[in-house]
Visitor: 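Let me begin by handing over the structure; questions about it come next.
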Amino acid sequence: MDVVTRIPEIAKQFRETRLAALRPVNEFFDHQRLSRPADMNECTSRISYNTRYFSGNYGVVIAILAVYALLTNPLLLIALGFLIGGFAAINKYAPEPMQVGEHVVDQKKLYTGLFIIGIPLLWFAAPLSTFFWLVGSSSVLIMGHASLMEPGLESEYGNVETV
């Protein structure tokens, strides 16, 4: 089954699993529940609870930061587009060896050429610094929010068993 024909199914599954975990924006940004934790134990319990409770929202925050990182690093965007587009073009338009003048060009030679051009281009785009910026910035934002946000009343009753 082709990926293009499965897009509605994939979107439905994504909506049911990931987007169901999203909390309302007014709950995520509830400034009345912000407070400084009293000690390290309270801070770690808040982080533990809030990272589970707001996991969908934190995923959206990471996705927004990733898009921002790509848009502010156009060379990385070009390098990724070149490599991904090159793979797609080679797989679609050159599955069989072809004759170009006196030379036979197969997929192995096309991939070699793609890597010879794409890897240095990707190296100059500094993907590692972008990755570590994304990890650091999302960690600071998520841990900051999770440690400052007081758990709701539902956290008090999470351990109570229903009969």
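These values consider heavy atoms only, across backbone and side chains, with no hydrogens, waters or symmetry-generated copies.
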Visitor: Taking all non-hydrogen atoms of both residues into account, name the closest pair between Ala66 and Leu134 and its distance.
Guide: N-CD1, 3.6 Å
Visitor: Treating Ile, Leu, Val, Met, Phe, Trp and Tyr as nodes and any side-chain heavy-atom pair under 4.5 angstrom as an edge, say whether Val135 and Val60 lie in one connected cluster.
Guide: no
Visitor: Tell me the closest heavy-atom pair linking Pro127 and Leu122, and the distance in Å.
Guide: CD-O, 3.1 Å
Visitor: Can you name the closest pair of heavy atoms from Trp133 and Leu65 and give their distance?
Guide: CZ3-O, 3.7 Å
Visitor: Taking a hydrophobic cluster as the set of Ile, Leu, Val, Met, Phe, Trp and Tyr residues connected by side-chain heavy atoms closer than 4.5 Å, whether directly or through intermediates, do Phe132 and Val67 fall within one such cluster?
Guide: no
Visitor: When hydrophobic residues are tied together by side-chain contacts of less than 4.5 Å, even through go-betweens, does Ile64 share a cluster with Leu80?
Guide: no
Visitor: Between Leu75 and Asn73, is the side chain to side chain contact (heavy atoms under 4.5 Å, CB included) condition met? List the steps.
Guide: CA-CA 6 Å; Leu75 188 57; Asn73 191 350; 4.1 Å; yes
Visitor: Quick one: does any side-chain atom of Thr72 pair with a main-chain N or O of Tyr68 as donor and acceptor, under 3.5 Å?
Guide: yes
Visitor: In Å and rounded to the nearest 0.5 Å, what is the CZ to CG distance from Phe29 to Leu34?
Guide: 10.5 Å
Visitor: So, taking the atom named OG1 in Thr130 and the one named CG in Leu76, what distance separates them when rounded to the nearest 0.5 Å?
Guide: 5.0 Å
Visitor: Can you tell me if Glu27 uses its side chain to pair, donor with acceptor, with the backbone of Arg23 under 3.5 Å?
Guide: no
Visitor: Flag yes if Val25 and Phe54 sit in one hydrophobic cluster, no otherwise; membership is Ile, Leu, Val, Met, Phe, Trp, Tyr, and two members link when side-chain heavy atoms are under 4.5 Å apart.
Guide: yes
Visitor: Show the numbers, then the answer: is there a side chain to side chain contact (heavy atoms under 4.5 Å, CB included) between Ile142 and Ile47?
Guide: CA-CA 9 Å; Ile142 290 169; Ile47 290 172; over 6 Å; no
Visitor: Roughly how far apart are Phe82 CZ and Ile78 CD1, rounded to 0.5 Å?
Guide: 11.5 Å
Visitor: Scan side-chain atoms only and decide if Tyr111 and Asp106 contain a donor-acceptor pair under the 3.5 Å cut-off.
Guide: no
Visitor: Below 30° counts as parallel, above 60° as perpendicular, anything between as tilted: where do the rings of Phe115 and Phe87 land?
Guide: perpendicular
Visitor: Are the side chain of Gln99 and the backbone of Gly101 linked by a donor-acceptor contact shorter than 3.5 Å?
Guide: yes
Visitor: Centres of the Tyr53 and Phe28 rings: under 6.0 Å?
Guide: no
Visitor: Distance alone, cut at 3.5 Å: any donor-acceptor contact between the side chains of Arg46 and Thr51?
Guide: no
Visitor: Backbone N or O of Met149 within a donor-acceptor pair of the Asn50 side chain at under 3.5 Å?
Guide: yes
Visitor: Could you grab the distance from atom OH of Tyr58 to atom NE2 of His145, nearest 0.5 Å is fine?
Guide: 4.5 Å
Visitor: Can you name the closest pair of heavy atoms from Ser147 and Gly144 and give their distance?
Guide: OG-O, 3.2 Å
Visitor: Run Leu121 and Leu83 through side chain to side chain contact (heavy atoms under 4.5 Å, CB included) and show every step you take.
Guide: CA-CA 9 Å; Leu121 184 63; Leu83 286 170; over 6 Å; no
Visitor: Would you name the heavy atoms of Leu148 and Pro37 that are closest together and state the gap between them?
Guide: CD2-CD, 4.2 Å
Visitor: Work out which heavy atom in Glu42 is nearest to a heavy atom in Ser45; give both atom names and the distance.
Guide: O-OG, 2.9 Å
Visitor: At what distance, to the nearest 0.5 angstrom, does CG of Asn91 lie from CD of Gln107?
Guide: 5.5 Å
Visitor: Do Phe131 and Val61 share a hydrophobic cluster, counting only Ile, Leu, Val, Met, Phe, Trp and Tyr and linking them when any side-chain heavy atoms are less than 4.5 Å apart?
Guide: no
